[in-house]
Protein chains: 2
Amino acid sequence: MNPSLYLRDPEQSELGKNIIKHSIQLIHDNGFEAFTFKKLAESIGTTEAGVYRYFENKHKLLVYIISWYWGWIQFQLSYQTNNIEDPSIKLKKVITLLSTNVEDDITTGHVDEFQLHQILIAEGSKAYLTNHVGKDNKQQFFQPYKDLCNTIGEIILECNPKYKYPHSLASTIIEMAHLQNFFMNHLPTLTDFSKSKDEKEIIKYLEELVFNTIRI
Amino acid sequence: MNPSLYLRDPEQSELGKNIIKHSIQLIHDNGFEAFTFKKLAESIGTTEAGVYRYFENKHKLLVYIISWYWGWIQFQLSYQTNNIEDPSIKLKKVITLLSTNVEDDITTGHVDEFQLHQILIAEGSKAYLTNHVGKDNKQQFFQPYKDLCNTIGEIILECNPKYKYPHSLASTIIEMAHLQNFFMNHLPTLTDFSKSKDEKEIIKYLEELVFNTIRI
DNA sequence: TATTTAAGATAGTAATACTATTATTTAAAA
DNA sequence: TTTTAAATAATAGTATTACTATCTTAAATA
């Protein structure tokens, strides 16, 4: 994790882990706009000042938990594609991993991956859609996202070494896996999955999109 | 325009038009988070209370100007595709229209379309990425976006009547035309256009994506 | 035992997102 | 023309947010 994101490493103390745990819960339940350090402190049973000793502001905390998620996805991806040779099967794994509501990984006690996935769908783009995106980028806040994008881009190039837009296609897969899910559940007429509301439909749509464009 | 978005119709008075004009300017310059009714009032030369007589809150004002933009795009689209029969040429027009930085339309005195396009790229998704998206949707706040999505979906079906995901592909085109532009300018490693920073590259990428997926 | 360090408790401030009241100007209706 | 209503301007006030500062206590470390 990028140390510029925090003032004190939340992984190193009980209070820190509680900040992460309750942040995920509260952002998931009420959305990022309604999330405040005061509510977070009350939920933990500490004070506002206590939270501020770990994170400068709520935006950095959001970027922190999102970075955590991308790191976890990166790990899941390398784990799940470990022994696979066929790049198009790998790419299918990528699409499925990004589109599927993950189950909570019990090995990470203070992080609920299911809720984190939901947060990414609804709040993920708020990490970079700010007027200080340039500054944040200079401080490497989006490195885990970029790393994942590069990993996926490489798999795309394994499928077709001549494909010209591996990074753009990778970011399209990531963003659309989330956005089509959001639309399916909240603005269904913007999708074609309104009847079933089934993630598998999103996977089918994305697979068709991706494999038709890279096989020229 | 949906009357639930405003308390008093801003098109009907000078103050109203000034609210729209200066909102676009301020949101464009400083981003939506930094935008407040107080700053807006100061910029116009009126009072905070004056702005509140037109709009309940800044979120509704954002949705208003975004709706205005989608209505304008819808008009531009029907105007530009008026005499075109070939649906794939129409679809190319759609991609170009959404991806290109429009010039300011001088017939709309109080609206700067160039700035509005930039606002849509950086702030567009904030209109619906809220925890009250369901309520807003029930009040038809997103109708202009849905209408545009349907129009594009119909053009897609003209190209291939058997294509199964016309709405999802339409929303993908709209969102990616904006997001790839944002990434190109602010997080270039997430795209393949970092060297040229040219919108035409985004158009080429999207055309390849779209036409390869609908021609099965 | 002395000394850092983290946490808890409390207070305070500037800005934000509103609401309310009153006075003044403008414009339409009687 | 006068009356009346509507829009605007001016001012004040509140709850909440997003912080900063300080002081005390508890626990870990040297």
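Per chain, numbering begins at 1; letters A, B, ... match sequence-line order. Atom set for the values below is all heavy atoms of this structure, side chains included, hydrogens, waters and symmetry mates excluded.
As rounded to whole Å, 16 Å separates atom C1' of D/dA28 from atom CG of A/Leu15. Rounded to whole Å, atom P of D/dA18 lies 10 Å from atom CD of A/Glu33. Nucleotide C/dC18 holds its C1' atom 15 Å from the CG atom of B/Leu40, rounded to whole Å. Here the P atom of nucleotide C/dA6 and the CG atom of A/Asp9 are 12 Å apart, to the nearest Å. What separates CZ of A/Arg53 from P of D/dC19 is a distance of 16 Å, to the nearest Å. In this structure, CD of A/Gln12 is placed 20 Å from P of D/dA27, rounded to the nearest angstrom. The distance between atom OH of A/Tyr6 and atom P of C/dA6, rounded to the nearest whole Å, is 13 Å. As rounded to whole Å, 10 Å separates atom P of D/dT16 from atom NZ of A/Lys39.
Residues B/Gly16 and B/Ala49 each lie close to DNA chain D; by heavy-atom proximity, the contact nearer the 5' end of the strand is made by B/Gly16.
The base of D/dA6 is not paired with the side chain of B/Arg8 by any donor and acceptor separated by under 3.5 Å. In terms of polar N and O atoms assigned as donor or acceptor, the side chain of A/Glu56 never comes within less than 3.5 Å of the base of D/dC19 in a complementary pairing.
With distances taken from any side-chain atom of A/Ser13 to the nucleotides C/dA7, C/dT16, D/dA18, the minimum falls on C/dA7. Minimum atom distance to the side chain of A/Thr46 is reached by C/dG8, of the listed D/dA18, D/dT11, C/dG8.
Residues A/Thr191 and A/Tyr205 have side chains that never bring a donor and an acceptor to within less than 3.5 angstrom of each other.
At a threshold of 4.0 angstrom between heavy atoms, the contacts of B/Tyr54 are confined to the sugar-phosphate backbone, with no base atom among them. B/Lys38 comes within 4.0 angstrom of nothing in the nucleic acid, heavy atoms only. At a threshold of 4.0 angstrom between heavy atoms, the contacts of B/Phe37 with the nucleic acid are absent.
Counting non-hydrogen atoms of neighbouring residues, nucleotides and ligands closer than 6.0 angstrom, the NZ atom of B/Lys58 exceeds 12 such neighbours.
Classified by interplanar angle (parallel below 30°, tilted 30° to 60°, perpendicular above 60°), the ring pair A/Trp68/A/Trp72 is parallel.
Across the strands present, C/dT10 finds its partner in D/dA21; the criterion is a Watson-Crick or G-U wobble pair with both atom distances under 3.5 angstrom.
Note on A/Glu42 versus A/Lys39: no salt bridge recorded, every NZ/NE/NH1/NH2 to OD/OE distance being 4.0 Å or above. A salt bridge is defined here as a Lys NZ or Arg NE, NH1 or NH2 lying under 4.0 Å from an Asp or Glu carboxylate O, and B/Glu207 with B/Lys204 fails to meet this definition.
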